Structures are given as structure tokens and as C-alpha cells.
Participant: 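What follows is a single structure, and I will ask about it in a moment.
Start at 1 and go down the list; that is how both ligands and their atoms are numbered. As the structure is a prediction and not an experimental result, all values here were calculated from the model.
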Amino acid sequence: MKVLVVGNGGREHAIAFKLLQSSKVERVFCAPGNGGTATLARCQNLPLEVNDFAGIKQFCQDNNIDLVVVGPEIPLAMGITDYLQNFKIKVFGPTRAGAQIEASKAWAKALMAESGIPTAKAAVFTDAAAAKGYVNTGSIPVVIKADGLAAGKGVIVAATIEEAHKAIDNIFAGQFGSAGKFVLVEECLVGQEVSVLALTDGIVVRPLLPAQDHKRIGDGDTGENTGGMGAYAPSPLVTPELMAKIETEVLQKAIATLGKRNIDYRGVLYAGLMVSANGEFKVLEFNCRFGDPETQAILPLLETPLEDLLLACVEKKLGEMPPIAWKEGAACCVVAAAGGYPGDYGKGEAIAGIKSTEGLTNTYVFQAGTKQTNTQIVTDGGRVLGVTGIGENFNSAISRAYAGINGIHFQGMYYRRDIGHRRVQK
Ligand code: AMP
Ligand code: GLY
């Protein structure tokens, strides 16, 4: 089997790596891939950007690609699945209509209201004065969100009325471009965030191991929000009972409502949830794809061949698959970022030490913002790479991840020292 993976992050490196563990997967191609996928055996990068649908289609037809797996939300929201399906190419990932669940927070809120899915109370506005008026009558802190895709940056948790007003003005002034046509003003939830990624063929849903992500740049979960500085799985916060509830009250309801709208959703449905101290939960957001870095923690624990699961989703046969099998134990992924991220950062720094981690057991380096030059691997993005450790418990998974990352170096390298801190047993 030949698979083409669309994207160039750590998520895509982890997907390619996992697919290639199966003897049924002959080759993986990445469009465009990164330094990690360039150096992975039986994997090849293609000089095709994620929005080059015609180029991707041509490559699939010329090379008899059996399956396309789409990593990022942008090509999904642009309709890559619809485009490739027109040429009878099998694609894992929802159509443009389905991707609205991530691409428009107002659309997702309406779907949740219609389905009776628990979520934060919110109102949608098209002008600043009305949004500010609403803020003035509500409580603080309050969450201000741009409606559309903003690479995880379009959410402001405002501690004061002034901050909320400023966020509203900034969004309507175009801080996030066309993502800011609508503004959501949302009740601020407290608790711990968990990521429940589920596979679906539009009929049944199969949740993967629940994960937790560290979104803030600084130790102790402080500072600016990022795309994610580390993740671990399985989250003990999501007990089997809670997972069963999330499955029926969130995931299945969402799929049912999508179906009612004639949206045949096949791919990952990712629910970002806030879980309170007493185990109640509400949905913060839906994503239409694998999470990053959660995927780098989840996939190394997967035992069932990934390609079987992805194909079953595409072929609407997920219900025929046996329960998903997992390795015992835990996984932890620590992300190394370029100095300055999530603000401005440099590129082109040589990365040393990746080879040295190859000898470490149960430790995997997933490259993200990297590229291969003629002679070396250099930095090429904000989140540069992630190191995942797996082990019999969180302590061993976390120490393996840190032993791995401590052996890697580049100018300006930054990583959090406390990934998984809630799970460390003293
Ligand atoms: P989103 O893109 O909607 O997941 O928001 C990004 C991040 O903002 C989330 O992961 C949370 O950390 C935070 N956030 C979003 N909505 C809320 C909310 N209603 N209450 C508290 N924090 C939130
Ligand atoms: N780690 C958060 C996300 O993938 O959106």
C-alpha cells in the first residue's frame, strides 16, 4: 500500500512513522513533509504545498496512491477532500462542509446547540459595539474568539472589561484577517483541558486514548498560548465512565447532526473539553483533524495498524473493526521551539544530536519545523521538533522524553521543563 500524507508538522512525521511500522505499507510520500520525513526510511518528501490540490491529485494518479491522509485543517477547510474524491481518490479527512466544525466557531456552536452538546454559553456578533455591550453586562474573565481559523491564536481570555474590548476591536480590525468577520463572546470555563480525538466513518465513532496538551509557552502553564508545547496520554482524568459519556453526549451527537445536514464526515473528530474538578465536562472546541502535539503522544502507543483504521473510516467499515488495541503504559511528548516562539523567531539553525537519540529505547524524535539541506537538518519553523518517550508509567515516559530532548541542541532552543507535571508520582 502507498500512502500520501499532506502536511509538514510533527503530527505528519508521527503519522508517517506509524504507517511505516506496518509491513503492508510499502511507501509513504509527504506533501511537503519536513526534515524528519525526508530522512525516514521508505518515506519521501514531495515538492508540493498543502494547497496544491491539482499537484497532489496528479501525483496520486501517476503513482497509484491508495490513501491520502490530510494532517492540517487549512487544506480540509479549503476542500481538499471534495477535490480528490471527485477523482475517486481515497482521502482520510472530512469534506469542506464537515471541516466547518473547526473552521467556524459560530457554526460549531450552532451545531452543538442543535445537538444538545454541553458547551460554554456564547453569543456571536458581527459588530464591535454590540459585542462590547454584551461584555459589559456579563462577568469577567470572559473569552473573546475570532470565528475562523487563526492557528490557535484567535482566542483571548480577557481578565478585564478593557482587555475584552481591546480584543474585540483587534479582531474586527483584521488582526486575524477574514477569521475575524464574526466575534464570539464566551463564558470562561475552569478546570483541566483534555483532548479526545476520535476516528469516525460518519456512522460510528472510535475514540483514541484521551490526551492532555500544554498550550502555554511557560513552565507552570504561564505566558502566551502556543500551538502546544507538549502532550501526554492516556489522561487519567478521562475515566472509562467519563469516556463513555463523552462518546454518547458529544461525539455521537455531533456525528448524528452532521449526518442530518447531509455531511458524510470521515476522519478525526477532535473534541477539546474542559473537565471540572467534579468530573463535569463542556466542549471548548471541535477540530477536524489529528491534534498536534497530541498525536505524537498517542500514536506511539497504538497497536492496531493505523492504515487499517484510516481505511476503515474512508470505506465506512469502522464498525467492523475489532476494538482498537493499545500498548500498556503512558507516553509523553516534549516540544522544542525556536527562541522567540510564539512571537518572531529565526530559522536555519543547525540541529545537533538527533542521531544520538536513535539508540535510546522507547524514545522517538518527531520533527516539525525542520528541513533537510544538503548536509544537515536545520530549523525551519516555530515548533521545531517533539521528543516522545513511552514507558510503563508516566514517570518513565517523562524521563525518557527529557533524556531524549537533553541530547538535542540548536541555537535558541527552548522547551518547557514541566511537561506532564500533574502526572509525576513522587
Ligand atoms: P480554542 O481554539 O477554542 O480551543 O481555544 C484555545 C484555547 O483557549 C483553549 O485550549 C483554552 O485553553 C482556551 N479557551 C477557549 N475557550 C475557553 C473558555 N470558554 N473558557 C476558558 N478557556 C477557554
Ligand atoms: N494541540 C492542539 C491542537 O492540535 O489544536
Participant: Would you mind reporting whether V334 and R416 have side-chain heavy atoms less than 4.5 Å apart?
Facilitator: no

Participant: Mind checking what makes salt bridge (Lys or Arg N to Asp or Glu O under 4.0 Å) contact with E49, not counting sequence neighbours?
Facilitator: none

Participant: Looking just at side-chain N and O atoms, do N393 and S396 make a donor-acceptor pair shorter than 3.5 Å?
Facilitator: yes

Participant: Is the closest heavy atom of K282 to ligand 1 under 4.0 Å?
Facilitator: no

Participant: If you have a sec, work out which protein heavy atom is nearest atom 8 (O) of ligand 1 and how many Å separate them, to one decimal?
Facilitator: V155 CG1, 3.3 Å

Participant: Test the R400-Y402 pair against the cation-pi criterion, namely NZ or CZ under 6.0 angstrom from the six-membered ring centroid and within 45° of the ring axis.
Facilitator: no

Participant: Taking only heavy atoms of E193, which atoms of ligand 1 are found under 4.0 Å from at least one of them?
Facilitator: 9 (C), 10 (O), 11 (C), 12 (O)

Participant: Backbone, side chain, both or neither: what part of E187 comes under 4.0 angstrom of ligand 1, heavy atoms only?
Facilitator: backbone

Participant: Which is closest to atom 23 (C) of ligand 1 by heavy-atom distance: L284, I156, L189?
Facilitator: L284

Participant: At a 4.0 Å cut-off, with the gap strictly under it, does some heavy atom of C188 reach an atom of ligand 1?
Facilitator: yes

Participant: Which of these, V190, V283, N225, has its nearest heavy atom closest to atom 7 (C) of ligand 1?
Facilitator: N225

Participant: Select all protein residues for which some heavy-atom-to-ligand 2 distance is less than 4.0 Å, and list them by chain and number.
Facilitator: D213, K215, G227, Y270, N287, R289, G291, D292, P293, E294

Participant: Testing T81, V50, V6 for side-chain contact (heavy atoms from CB on, under 4.5 Å) with L76, which one passes?
Facilitator: T81

